[in-house]
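Worksheet: one structure, shown below.
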Amino acid sequence: MSGFDGTAGIVTGGGTGIGRASALAFAGRGAAIGVIDIDLAEAQETVRLIGEAGGRAIAVRADVSREDEARAAVDQVVSSYERLDFAHNNAGIMGANGLLAEIEPADWERVLTVNLTSVFLCMKFELPYLVAQGRGAIVNTASGAGVHPVPNMPAYVASKHGVIGLSKATALDYASLGVRVNAICPGTTRTPMYEKFAGRTAGFEQIRTARIPLGRLGTAQEIAAGAVWLCSDEASFVTGVALSLDGGRLIS
Ligand code: NAD
């Protein structure tokens, strides 16, 4: 895979899970990374791990679902590294579970805002920098649930379908400006989000694993590898795709 020497990028939700693995993977290939997270201590720990491995990164605290904070965070990364070459917009939450009639409007709003509006806001503030450079790549974290619904998570499913639609629409509009935009659709991946969710249901892991043809959960590193590839020059002819990284879940 091509290196990222001399480039700078953003990873949102980079404090834990898939985002941390992604930040480490990009930094390991030579990119300077702005690790943006609502949890500053976790973002700083990711930066520490990157530094320990010989890479460059800064931690930025922001709630990327808020316009002012998303704008300031993107601007801070660009002013630190004086460029922006790629972004992995990955921050997300699971939200409340239940049948649609049981979901409170405030819970719906929160999931849509954190999972979908944040991607809109981050891209809105990242794209002008990428366009100014005449090239760049964005990858947004959707989910297998953005392609095929899972039960009892209507807000999450809707938000992740939205991330895929928004990624494709943006890919179409920005292709001629030199910017590629793609989505990744992780299947069940062992991260803090997964542990929280799995902890609520006895036997959850066995049920989930039984539906995955490759017979196991994904790792955050395997998901990060897809994000890195989509932002690399190896994927220079790829835009507007929703790449499944799910051990075959969607074909089972
Ligand atoms: P995680 O909970 O382990 O990590 C998410 C990170 O995002 C955390 O560090 C959290 O602090 C941060 N974050 C949350 N809200 C934020 C906000 N408003 N602003 C800034 N940062 C915020 O979750 P994960 O499993 O690593 O998930 C990462 C992404 O992958 C999410 O978008 C999730 O929906 C998606 N995903 C995860 C799985 C899975 O099985 N783990 C499957 C499909 C999709």
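All of these numbers come straight from a predicted model, not from anything done at the bench. Just so you know, ligand 1 is whichever comes first in the structure, and atom 1 is the first atom listed for that ligand. We use all heavy atoms of the structure for the numbers below, so side chains are in, but hydrogens, waters and symmetry mates are not.
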Legend entry - R110 versus T113, side-chain donor and acceptor atoms under 3.5 Å: no
Inset, instruction - For residues I10 and I33, determine if any side-chain heavy atom of one lies less than 4.5 Å from a side-chain heavy atom of the other. - result: no
Inset, instruction - Please determine, by modelled atom types, if D85 and T7 share a side-chain donor-acceptor pair under 3.5 angstrom. - result: no
Inset, instruction - Could you tell me whether a side-chain N or O of S22 sits under 3.5 Å from a main-chain N or O of A224, the two making a donor and an acceptor? - result: no
Inset, instruction - Could you check if a side-chain atom of I212 sits within less than 4.5 angstrom of a side-chain atom of L217, using non-hydrogen atoms only? - result: yes
Name each N or O atom in ligand 1 that is under 3.5 Å from a protein N or O, and give the partner atom and the distance.
from     : atom 1 : to   : atom 2 : distance (Å)
ligand 1 : 3 (O)  : T16  : OG1    : 3.2
ligand 1 : 3 (O)  : M193 : N      : 3.3
ligand 1 : 4 (O)  : T16  : OG1    : 3.0
ligand 1 : 9 (O)  : T16  : N      : 3.4
ligand 1 : 9 (O)  : T16  : OG1    : 2.9
ligand 1 : 9 (O)  : D37  : OD1    : 3.4
ligand 1 : 9 (O)  : D37  : OD2    : 2.6
ligand 1 : 11 (O) : D37  : OD1    : 2.6
ligand 1 : 18 (N) : D63  : OD1    : 2.9
ligand 1 : 19 (N) : A62  : O      : 3.4
ligand 1 : 19 (N) : V64  : N      : 3.0
ligand 1 : 21 (N) : I38  : N      : 3.2
ligand 1 : 25 (O) : T191 : OG1    : 2.5
ligand 1 : 26 (O) : I18  : N      : 2.8
ligand 1 : 32 (O) : N90  : O      : 2.9
ligand 1 : 32 (O) : K160 : NZ     : 2.9
ligand 1 : 34 (O) : Y156 : OH     : 2.7
ligand 1 : 34 (O) : K160 : NZ     : 3.1
ligand 1 : 40 (O) : T189 : N      : 2.8
ligand 1 : 40 (O) : T189 : O      : 3.4
ligand 1 : 41 (N) : T189 : O      : 3.1
ligand 1 : 41 (N) : T191 : OG1    : 3.2

Inset, instruction - Evaluate the ring planes of F26 and F4, with Trp represented by its six-membered ring, and classify them as parallel (under 30°), tilted (30 to 60°) or perpendicular (over 60°). - result: perpendicular
